[in-house]
Peer 1: 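The structure is given below, and queries will be raised subsequently.
We number each residue from 1, following the sequence as shown. For ligands, and for the atoms within them, numbers begin at 1 and follow the listed sequence. This is a predicted model, so every value here is computed, not measured. As a basis for the values below, the full set of heavy atoms in this structure was taken, side chains included, without hydrogen atoms, waters or symmetry mates.
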Amino acid sequence: MKLRICHLYGNLMNTYGDNGNLLMLQYTAKESGYEVETEIVSVGDDLDTSRYDLIFFGGGQDYEQSVVSRDLQTKKEALCAYIEAGGVILGICGGFQLLGKYYQTLKGETYPGIGAIDFYTISKKDRLIGDTEMYSDRFQETYFGYENHAGRTYLGDKVQGLGRTVQGYGNNDDDKVEGVVYKNAFGSYFHGPFLVRNPHFAQRLVDLAMNKEAQIKN
Ligand code: GLN
């Protein structure tokens with residue numbers, strides 16, 4: 001059996017070692033007895049989600065996000081349908097932000113996301129930087145990471161965070177919520193890389209990606 005990974009904008013969105021998440025997914029899948037195939041889908045490419053079991057969307061600086069935000073509108077419909085159907089996706093930092101409605105920069109420019117999940121992000125002057133820790137009530141697990149972002153993310157009333165911030169900031173400097181979870185779509189501000197620091201989460205993603213029945217139930 002083969003795990004087919006899509007590295008969404010992998011040549012543009014890869015700050016703070018996010019490519020390590022890809023290496024970790026490949027390692028975890030191989031340890032679980034699967035073959036692995038990874039493809040970068042980037043600007044100008046068609047996104048055929050039926051070709052993938054798992055999508056990874058890493059972080060990036062504002063300039064890269066502006067380019068990606070524009071192109072993403074051509075992939076929005078496919079990505080939203082994939083997420084609604086229970087497809088597995090992990091977005092980190094800049095990638096996480098673009099799963100929501102929009103990301104507004106310090107200069108006041110607004111980069112549209114795909115709006116697959118009800119949240120938005122607005123930048124403020126002091127960046128949120130440092131080591132982080134969250135506790136996920138849903139999975140009853142602790143995750144560690146590192147954050148560096150200007151964006152403050154605010155989840156809609158019905159939307160669940162991935163965890164509660166124990167150390168650092170997470171989504172913003174107000175509500176102590178970190179990341180997002182909707183069906184099998186996950187977002188987090190944790191670099192680290194996240195999956196290398198939290199192998200149990202990498203295992204969860206691989207298991208979910210390879211078990212289509214569990215995907216639909218979530
Ligand atoms: N440019 C975004 C921000 O500063 C995302 C940064 C990142 O992905 N590290 O909030």
Peer 1: Output all residues satisfying ring pair (Phe, Tyr, Trp, His ring centres under 6.0 Å) with Phe194, sequence neighbours left out; order by chain, then residue number.
Peer 2: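 With sequence neighbours excluded, Phe194 shows a ring pair (Phe, Tyr, Trp, His ring centres under 6.0 Å) to Tyr143, Phe201, given in chain and number order.
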Peer 1: Run through Thr110, Thr105, Thr153, Asn171 and flag the one making a side chain to side chain donor-acceptor pair (under 3.5 Å) with Thr121.
Peer 2: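 So, applying the side chain to side chain donor-acceptor pair (under 3.5 Å) to Thr121 and each of Thr110, Thr105, Thr153, Asn171, only Thr153 qualifies.
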Peer 1: When you look for protein heavy atoms under 4.0 Å from ligand 1, which residues do they belong to?
Peer 2: Thr15, Tyr16, Gly59, Gly60, Gln61, Asp62, Gln65, Cys93, Gly94, Gln97, Tyr103, Arg127, Asn148, His149, Ala150, Gly151, His191
Peer 1: Could you tell me which residues satisfy ring pair (Phe, Tyr, Trp, His ring centres under 6.0 Å) with Tyr52, sequence neighbours excluded, listed by chain and number?
Peer 2: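 Checked Tyr52 against ring pair (Phe, Tyr, Trp, His ring centres under 6.0 Å); zero matches.
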Peer 1: Could you check whether Glu35 pairs with Lys30 (Lys NZ or Arg NE/NH1/NH2 to Asp/Glu carboxylate O, under 4.0 Å)?
Peer 2: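 Answer for the salt bridge query: no.
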Peer 1: Looking at the rings of Phe190 and Tyr146, which for Trp means the six-membered one, are their centres under 6.0 Å apart?
Peer 2: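 No.
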Peer 1: If the condition is ring pair (Phe, Tyr, Trp, His ring centres under 6.0 Å), which residues does Tyr102 pass it with, not counting sequence neighbours?
Peer 2: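 By the ring pair (Phe, Tyr, Trp, His ring centres under 6.0 Å) rule, Tyr102 matches Tyr120.
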